[in-house]
Amino acid sequence: MNFEEHIIDKLQELTGLEREIIAKAVETPPDEKLGDLAFPCFPLAKVMRKAPPVIAQELAKQLSADEYIDRVDAVGGYLNFFYDRRMFISDTIKAAKAAGEEWGQSKIGKGKTVLVEYSSPNIAKPFHIGHLFSTAVGNSLARIYKFLGYDVQSLNHLGDWGTQFGKLISAYKRWGDPKTIEKDPINELLKIYVKFHEEAEKHPELEDEAREYFKKLEDGDAETTELWKYFKDQSLVEFKRVYDMLGVSFDSYNGEAFYSDKMDEVVDILREKGLLTESEGAQVVDLSDMNMPPCIILKSDGATIYATRDIAAALYRHRTYNFDKNIYVVGLPQSLHFRQIFETMKRVGWEWSKDCVHVGFGLVKLPGKNMSTRHGDVVFLEDVLNESIEKTRSIIESNGSKVDDIDDVSKKIGIGAILYTFLKNSREKDIVFSWDTMLDFDGESAPYCMYGYARGKSILRRAEGIDYSNADLSKAVSEDAYTLVKLINGFGDAVVCAAEKNEPFYVNRYVTSLVKAFNKFYNTNPIMRDDVDDETKKARLAIVDATCTVIKSALNLLGIDVVESM
Ligand code: ARG
């Protein structure tokens, strides 16, 4: 039973207002004491030619309590509805039980395709903390959309094309050693790349050589292509190690190179539409009327660049997937780039360009180090992940907790702690990493939420043999049970809100509140204690069970795996 719908039905019957108007008007009161749902009578004032407080009084008199509604109060111009708590708890827990892991899911995305492009590191370069931010947000969004029934495609737009590969090939030919590279590919490739730049300062002719190599690569020359492929494969081995640790996977790894033969068409289209103008030898789309610098399409030497590849990629995605939404999870410093390409696409007349969305995020500072994605400083990501896992392990060891598989538990908590931190606040905010906060088992953190789940599971293990499947939930009514069950009921709404705003932090905040309410619940509503009668015990166990399922699902939407005990 949807209590809100029920109240809307009643109000419709009584006022004759359109259903949609009522549905839009009803709201959750700011304070639980004011009821579960409020209806502001202001929209009725005009029609009824009365002051809203008068209308509220009159309507309250006509609205009688029923199975679902305990009472209706008129306060000022508002009607405040109080749900029947027994009914609400029992209805929600039964429905949650019946839905199991599908609780909170919906079908709003049925038949619609959402592309989530995220992570997108650059090959032969370190996977930096900004890419991890993108990976955390993108992976969570992909899971959220799937949960809502969308057909989701996770795309990794690898940075694997551009003149820098000419430089890398030149560097490799001079100083590269496959044996050293295979031991530590990205570090070694980075080393020779840096060396190239140092040497090129002294010997500028190196730049010409690099340009030639890139030209060869663009022309499909076998040897250079072979080398490029080798760099890419080596880099992917490392990236995939990180993705495995995080439990992340992609449906496509089509990077920038994939679009290298699809750009002529884009250039032709732009030219045909009369959008290209010449500027200092380059071909650009002038966007000055939008107060933006021009979008460069062809450089003066005729080479295409990042923006051209992105436009070709968008067109390809449109044709391949006919998407309803094409999301780019990329740091805020690239906002202008996306505004430029989206505007260019709009000018071509691609109506679908309105469905392309840049989902940006802030900068990250690591503890003790002043590192930000903007400066592109190098942080070895695997080191950060491993450090988190190690720190978790020592916390568990010093707590003296007994866990069956400390490797697995430390890994899940350590990685969960990092993902949680990225998804804790609105994504556009900068993040300062602090181990103390991240691994605070009592604070707002992954370990805290995971502990809530493990605690619930341990209660359920102790209750083994008790059949609470037909529990009489009216036995569980209490203030704290009600708060908890209301949260359980609101799971689906939190997920929808996260998808609407492309903000996983709504799910994060949701699960944190749920665990808080759960802790309060089991502290004030003892469950397995001897003095608790059987019926009450069963009713409370049913609530614990439903709570565990929701915590697990919600954490899963953040990319976090639960552990059964910790
Ligand atoms: N490889 C780029 C970088 O590391 C991010 C790519 C973002 N995606 C895109 N479609 N431009 O900065």
Side-chain angles (χ1 to χ4, degrees), residues 114-139 141-142 153-165 168 186 189-190 193 228 231-232 235-236 238-239 242-243 248 250-260 262-263 266 295-297 304-321 323 325-345 350 352-353 355-364 371-381 422 427 502:
V114 172
L115 310 182
V116 188
E117 185 218 283
Y118 63 97
S119 202
S120 311
N122 302 319
I123 68 168
K125 292 254 182 76
F127 189 121
H128 64 64
I129 200 87
H131 295 124
L132 184 59
F133 201 160
S134 167
T135 310
V137 172
N139 177 44
L141 285 179
Q153 298 289 322
S154 295
L155 314 178
N156 194 332
H157 188 76
L158 291 174
D160 57 1
W161 205 246
T163 44
Q164 70 271 28
F165 291 100
L168 190 60
I186 293 182
L189 291 173
L190 188 68
Y193 184 68
W228 168 82
F231 302 149
K232 178 165 169 166
S235 308
L236 272 178
E238 288 208 27
F239 296 158
V242 173
Y243 294 142
V248 166
F250 295 91
D251 299 302
S252 162
Y253 281 92
N254 286 342
E256 294 184 40
F258 178 79
Y259 302 100
S260 57
K262 299 173 179 56
M263 291 192 285
V266 167
C295 183
I296 303 173
I297 301 297
T304 58
I305 62 163
Y306 190 51
T308 330
R309 293 190 280 277
D310 252 330
I311 297 173
L315 179 59
Y316 173 84
R317 289 178 192 173
H318 164 68
R319 287 176 178 157
T320 311
Y321 304 104
F323 55 74
K325 223 187 260 186
N326 175 24
I327 294 173
Y328 299 82
V329 187
V330 183
L332 284 174
Q334 293 195 34
S335 291
L336 175 63
H337 162 76
F338 285 106
R339 285 200 292 128
Q340 287 175 308
I341 62 161
F342 295 165
E343 177 61 26
T344 299
M345 283 155 40
W350 291 335
W352 47 266
S353 65
D355 304 317
C356 296
V357 204
H358 173 215
V359 168
F361 52 82
L363 302 176
V364 188
M371 285 167 174
S372 65
T373 55
R374 190 175 290 147
H375 300 120
D377 301 16
V378 175
V379 177
F380 285 90
L381 200 67
F422 282 116
R427 55 186 156 70
N502 291 313

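Predicted model only: the values in this text are computed from it and were never measured. Order of listing sets the numbers, starting from 1, for every ligand and every atom in it. Sequence positions, counted from 1, serve as the residue numbers for this chain.
- Classification of Lys325 and Asp355 as a salt-bridged pair fails, no side-chain N sitting under 4.0 Å from a carboxylate O.
- Under the 30°/60° scheme for interplanar angles, the aromatic rings of Phe342 and Tyr328 are found to be tilted.
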Yes or no on side chain to side chain contact (heavy atoms under 4.5 Å, CB included) for Arg427 and Leu332, after CA distance, side-chain angles and deciding distance?
CA-CA 10 Å; Arg427 55 186 156 70; Leu332 284 174; over 6 Å; no
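- Among protein heavy atoms, atom 6 (C) of ligand 1 sits closest to Tyr306 OH, 3.3 Å.
- Taking the six-membered ring where the residue is Trp, Tyr118 and Phe250 present tilted rings, their angle falling between 30° and 60°.
- Protein heavy atom at the shortest distance from atom 1 (N) of ligand 1 is Asn122 OD1, 2.6 Å.
- In terms of N/O distances under 3.5 Å, ligand 1 is not approached by Glu256.
- Polar contact with ligand 1: present for Glu117 (N/O pair, distance under 3.5 Å).
- With ligand atoms numbered from 1 in the order given, ligand 1 contributes 8 (N), 9 (C), 10 (N) to contacts under 4.0 Å with heavy atoms of His157.
- Less than 4.0 angstrom separates some heavy atom of Tyr328 from each of these atoms of ligand 1: 10 (N).
- Among the atoms of His131, some N or O lies under 3.5 angstrom from an N or O of ligand 1.
- Here is the list of ligand 1 atoms found below 4.0 Å of a heavy atom in Asp310: 9 (C), 10 (N), 11 (N).
- Taking the six-membered ring where the residue is Trp, Tyr316 and Tyr259 present perpendicular rings, their angle passing 60° and hence far from 30°.
- Contact analysis puts Gln334 in contact with ligand 1, with a non-hydrogen atom separation below 4.0 angstrom.
- For ligand 1, the atoms sitting less than 4.0 Å from at least one non-hydrogen atom of Phe338 are 9 (C), 11 (N), numbered in the order shown with element in parentheses.
- Asn156 and Tyr243 share a side-chain donor-acceptor pair at under 3.5 Å.
- Heavy atoms of other residues, nucleotides or ligands lying less than 6.0 angstrom from CG of Leu236 number more than 12.
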